[in-house]
Amino acid sequence: KALVSLVLNDKGDERGINKETQERVKAKAKELNYTPNQYARGLRIGKTDTLGVIVPDISNVFYGKLCKAIEMKASEIGYDLIISNSYEDSEREIKLINNLLNKSIDGLILASSLENPSQLNFLKERNFPFVLLDRIFDDFQVDSVSVSNIEGAKQAISYLQTQGKNKIACLTISPVYISSIADRIKGYLEELDDTENACLIQIPHDNIDVGINKALKQIENQEFDAVFCVNNDLTKSLLKRIHQKKITTDYTIISFDDLEVFDFATPPVTAIAQPIDDIGERAIALLSNFISNRENHIPQKVILETGLIIR
C-alpha cells in the first residue's frame, strides 16, 4: 500500500522506487481506471485544495466575470472552486457557508447578503480563512476587497452635471443596506448640486422588470434629464423596456458597472467600470495569505479605484 501510494502521489523518485516498478504501478492503475479520492485525501491531511465562493447571483455579468477571474487565479496556485448562489437570501447564505465548511474547504470568498455581520462571527471565532468581496462591513475586522463606490458614484454625477444635467434620478435596488448599494446612493446624494431635485427610485431585486416599468413612468412624468443606475441589472432592464416600448429618450443614462453591450446600446450608456480581474486576484491573494498564516494573520481592507467610460 505504501509503495502504491508513493508512486501515485509522484513521490517514487524521491523515495528511490525503481523506475520499472513505478511504471508497473501506473499501468495497473490505468488498467483499473483508478483515480485518487481527493476528498478522502483532504480529510487525511487536513487540506482539500478547494475554495468556496458565494455570490448573490452568478447570472449577473459582474459576478460571472468575477468568478471567472477568481477561478483563473485560484487555479494558478493549485486550488479548485465550489461556487454557490445566495440569491440575496440571508438564511440560504448561512446554510451555504455551513455546507461548504462540511465539505472541508480551505477558505471562503463571500459577497454577502447579510445585514448584520455578527452572523459571520462563527467564522472569526474558529479563525477560518475568509474574504469579503464587493460587499463589506466597515466595523468588521476581516479581509475584504471592494471598490470606491462613493467616489465612483460621485464621478458619475459630476460628469452628468458638467454635461448640463441637473435633474438626475437614481435607480437603486433592494436590499439597500448592502454596502456597495448604500455607498453608491450616498455618492449620488453628496455630489448633487441641488439636493431638492434628488429622486431615489427603489427596484426590488427579485422583480426588476416590473419595477423598471413603474420607474419609467415616473421618469417620464417628472421629466428627468438623466438617470443613474446603481448596477448593470437595472441598466439592462431599463434599456430593454425602452426598446420594447419604442420610447424616444431625452435623458442621459449612466450605469455603475460596465458591459460590452453598452458599446452598441441605443441610447448610449456611459458607465463606471470596476477592475474585475484585479478584484478577483486581490481576493485570492488575501485568502491564500490567510490560509498560509492563520496563526499570525492580520486582516486587510483593499479598496480599488473605478473608472469612467464615456459614450
Donor-acceptor pair, side chain of Asp106 and main chain of Thr48, under 3.5 angstrom:
yes

With sequence neighbours left out, what residues match Asn116 under side-chain hydrogen bond (donor to acceptor under 3.5 Å, both in side chains)?
Ser118

Going through the checks in order, is the side-chain contact (heavy atoms from CB on, under 4.5 Å) test met by Ile219 and Thr249?
CA-CA 10 Å; Ile219 291 167; Thr249 57; over 6 Å; no

Please determine whether residues Val302 and Ile276 belong to a single hydrophobic cluster, defined as Ile, Leu, Val, Met, Phe, Trp and Tyr linked transitively by side-chain heavy-atom distances below 4.5 Å.
yes

Quick one: salt bridge (charged side-chain N to carboxylate O under 4.0 Å, His left out) partners of Glu76, sequence neighbours excluded?
Lys73

Taking all atoms of both residues into account, what is the closest heavy-atom pair of Ile298 and Asp143, and its distance?
O-OD1, 4.3 Å

Can you list every pair that meets side-chain hydrogen bond (donor to acceptor under 3.5 Å, both in side chains) and has a residue in residues 272-290, with sequence neighbours left out?
Asp257-Gln274, Asn289-Asn293

Just to verify, which of Leu287, Ile54, Leu51, Leu133 counts as forming a side chain to side chain contact (heavy atoms under 4.5 Å, CB included) with Leu108?
Ile54

Checking side chain to side chain contact (heavy atoms under 4.5 Å, CB included) against Cys229, which of Leu171, Ile203, Ile173 comes through?
Leu171

Looking at residues at least two apart in the chain, or sitting in another chain, which of them share a side chain to side chain contact (heavy atoms under 4.5 Å, CB included) with Asp263?
Arg311

Is there side-chain contact between Ser90 and Glu115, with at least one heavy-atom pair below 4.5 Å?
no

Looking at every non-hydrogen atom in both residues, tell me the closest pair between Thr235 and Ser255 and how far apart they are.
OG1-OG, 2.8 Å

So do the side chains of Thr195 and Leu189 get within less than 4.5 Å of each other, counting heavy atoms only?
no

Do Asp258 and Ile272 come close enough that some side-chain heavy atom pair is under 4.5 Å?
no

Which residue is it: Asn231, Asn149, Thr172? I am looking for the one with a side-chain hydrogen bond (donor to acceptor under 3.5 Å, both in side chains) to Arg184.
Asn149

Are Ile109 and Val55 close enough that some pair of their side-chain heavy atoms sits under 4.5 Å apart?
no

Listed pairs under 3.5 Å, donor-acceptor, residues 204-214 side chains, sequence neighbours left out:
{"unit_1": "His205", "atom_1": "ND1", "unit_2": "Ser174", "atom_2": "OG", "d": "3.4"}
{"unit_1": "Asp209", "atom_1": "OD1", "unit_2": "Ser237", "atom_2": "OG", "d": "2.6"}
{"unit_1": "Asp209", "atom_1": "OD2", "unit_2": "Lys240", "atom_2": "NZ", "d": "3.0"}
{"unit_1": "Asp209", "atom_1": "OD2", "unit_2": "Arg241", "atom_2": "NH2", "d": "3.2"}
{"unit_1": "Asn213", "atom_1": "OD1", "unit_2": "Arg241", "atom_2": "NE", "d": "3.3"}
{"unit_1": "Asn213", "atom_1": "OD1", "unit_2": "Lys245", "atom_2": "NZ", "d": "3.3"}

From Phe256 CZ over to Phe62 CZ, what is the distance, rounded to the nearest 0.5 angstrom?
9.0 Å

If you measure from CG on Leu238 to OH on Tyr251, what distance do you get to the nearest 0.5 Å?
5.0 Å

For the backbone of Ala156 and the side chain of Tyr188, can you confirm whether one donor and one acceptor N or O come within less than 3.5 Å of each other?
no

Are Tyr79 and Met72 co-members of a hydrophobic cluster defined by side-chain heavy atoms under 4.5 Å apart?
no

Ion pair present between Glu223 and Lys167, side-chain N to carboxylate O less than 4.0 angstrom?
no

Using a strict cut-off of less than 4.0 Å between a Lys/Arg side-chain nitrogen and an Asp/Glu carboxylate oxygen, indicate whether Asp233 and Lys236 qualify as a salt bridge.
yes

Heavy-atom closest pair, residues Ala169 and Phe224
N-CD2, 3.6 Å

Is there a chain of hydrophobic side chains (I, L, V, M, F, W, Y, each step under 4.5 Å between heavy atoms) that links Phe264 to Val61?
no

Say you draw a straight line from NZ of Lys154 to CD1 of Ile157; how long is it, rounded to the nearest 0.5 Å?
11.5 Å

More than 12 foreign heavy atoms under 6.0 Å from CD of Gln163: is that the case here?
yes

When rounded to the nearest 0.5 Å, the distance separating CG of Asp13 from CG of Asn18 is 10.5 Å

Would you give the length of the straight line joining atom CG of Asp183 to atom OG of Ser146, rounded to the nearest 0.5 angstrom?
8.0 Å

For Asp57 and Ser59, work out which heavy atoms get closest and say how close.
OD1-OG, 2.8 Å

Would Asp225 and Asp250 count as a side-chain contact (heavy atoms from CB on, under 4.5 Å) if you check the C-alpha gap in whole Å, the side-chain angles of each, and the deciding distance to 0.1 Å?
CA-CA 7 Å; Asp225 54 18; Asp250 295 322; over 6 Å; no

Under the side-chain hydrogen bond (donor to acceptor under 3.5 Å, both in side chains) rule, collect the residues that match up with Tyr63, sequence neighbours excluded.
Asp134, Arg135

Group every Ile, Leu, Val, Met, Phe, Trp and Tyr by side-chain heavy-atom contacts under 4.5 Å, then state whether Ile178 and Phe228 land in the same group.
yes

Stepwise side-chain contact (heavy atoms from CB on, under 4.5 Å) check, Phe137 with Ser112:
CA-CA 10 Å; Phe137 303 100; Ser112 181; 4.3 Å; yes

Quick one: are Gln161 and Ile168 in side-chain contact, heavy atoms under 4.5 Å?
yes

CG/Leu123 to CD/Glu125 distance, rounded to the nearest 0.5 angstrom?
9.5 Å

Take atom CZ in Arg24; do more than 12 heavy atoms of anything else shown fall under 6.0 Å from it?
no

State yes or no: do Ile94 and Leu101 share one hydrophobic cluster built from I, L, V, M, F, W and Y residues joined by side-chain heavy-atom distances below 4.5 Å, directly or via other members?
yes

Name the orientation class of the two ring planes belonging to Phe140 and Phe130 (parallel below 30°, tilted from 30 to 60°, perpendicular beyond 60°).
tilted

Taking the side chain as C-beta and beyond, is there a heavy-atom pair between Leu3 and Ile17 under 4.5 Å?
yes

Grab the two heavy atoms, one from Val176 and one from Ile181, that are nearest each other, plus how far apart they are.
CA-CG2, 4.3 Å

Determine the minimum heavy-atom distance between Gly152 and Thr306, stating which atoms define it.
CA-OG1, 3.5 Å

Can you tell if the side chain of Val142 reaches within under 4.5 Å of the side chain of Phe290, non-hydrogen atoms only?
no

Does the side chain of Ser113 come within less than 4.5 Å of Asp89's, by heavy atoms?
no

